[in-house]
Amino acid sequence: TELLEAAANPDLDLELDPEFIHEATTRGDLAWGALEHGRLVSYTWRASSQAPFMDGVWVRVPAPFQYGYKSYTLPSHRGLGMYPATGRVADEQSLELGYPAMLHLVDVSNIASLRAANQLGSRTGGYAGYLKLFGRLLTFRSPGARSIGVELYLPRSARVPPNSQGPRVAPNRPSPVRFPSHDTGP
């Protein structure tokens, strides 16, 4: 119900609507958020195996990874460390649920998201991207992304099955596949 109430907030990302929330939670995706005086000011989503990417393309990641997607912070709260704080809580709870690592795709031109991922200790594991040409999806992955098992695909039907396990990217642009490093310095 908290998510549905937040979806009614016109200040938030327009893609946080009741239909998205229902589909994501039906698949088993999880959301974490930061509240200020009962108002959602930042959120992030995690999927245990597959989730929407963009333009009808989906991302699939293998166990034991989670796919981090759809992170948003209100403009008034950007630069305050909301995403890293929310991400750390999500990482801790995901670890407790048996997911030792998280992958996310970040547009190489999205400097703010790359900076936030770095604040979480993420590192580039490879690159993945796609091109839609004459109704066909052509995907590519660097050796690093291929070895991790990241896949981009078009679902065969509009309904994607629930996830089997307990960044936005502009088309035609490579995207780093990033995941948190648990090596913390002094």
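- Between Met82 and Ala34 the shortest heavy-atom distance is CE-CB, 4.1 Å.
- Residues Ala47 and Ala51 approach most closely at CB-CB, 3.7 Å, considering heavy atoms.
- Nearest approach of Gly126 to Ser142, heavy atoms of both residues: CA-OG, 3.2 Å.
- A 6.0 Å sphere centred on NE2 of His22 holds no more than 12 heavy atoms belonging to other residues, nucleotides or ligands.
- Taking the six-membered ring for Trp and thresholds of 30 and 60 degrees, Phe20 and Trp45 have ring planes more than 60 degrees apart, a perpendicular arrangement.
- The distance from the CZ atom of Phe65 to the OH atom of Tyr99 is 13.0 Å, given to the nearest 0.5 Å.
- Asp17 contributes a side-chain N or O that, together with a main-chain N or O of Glu19, makes up a donor-acceptor pair within less than 3.5 Å.
- Here the closest heavy-atom approach between residue Pro155 and residue Gly56 is recorded as CD-O, 3.5 Å.
- Thr44 and Ser71 get closest at one heavy-atom pair: OG1-OG, 2.5 Å.
- In this structure, CG in Leu35 is found 10.0 Å from OG in Ser42, a value given to the nearest 0.5 Å.
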Tyr72 vs Arg78, test: side chain to side chain contact (heavy atoms under 4.5 Å, CB included). Steps then yes/no.
CA-CA 9 Å; Tyr72 183 79; Arg78 292 180 185 164; 3.3 Å; yes
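- For the atom pair CZ of Phe140 and OH of Tyr127, the computed distance is 11.0 Å after rounding to the nearest 0.5 Å.
- With a 6.0 Å radius and a threshold of 12 heavy atoms from other residues, nucleotides or ligands, Arg115 has its CZ atom at or below the threshold.
- Put simply, CZ on Arg46 and CG on Asp29 are 11.5 Å apart, with the number rounded to the nearest 0.5 Å.
- Residues Leu152 and Val59 have side chains in contact (heavy-atom distance under 4.5 Å, counting atoms from C-beta outward).
- By the 4.5 Å heavy-atom criterion applied to side chains, Thr139 and Tyr153 are not counted as neighbours.
- Here CG of Leu74 is found 9.0 Å from CD of Glu36. Values are rounded to the nearest 0.5 Å.
- Using a 4.5 Å heavy-atom threshold, the side chains of His104 and Val61 count as separate.
- Note that Arg60 lies outside the cation-pi zone of Tyr67, set by a 6.0 Å cut-off to the ring centre and a 45° limit from the axis.
- With rounding to the nearest 0.5 Å, the separation of CZ in Arg141 from CD in Glu151 is 5.5 Å.
- Counting only heavy atoms from C-beta outward, the side chains of Leu30 and Trp32 approach each other to under 4.5 Å.
- When all heavy atoms of Arg27 and Trp58 are compared, the pair lying nearest together is NH1-CH2, 3.5 Å.
- Put simply, the side chain of Thr86 never gets that close to the backbone of Tyr83: no donor and acceptor are under 3.5 Å apart.
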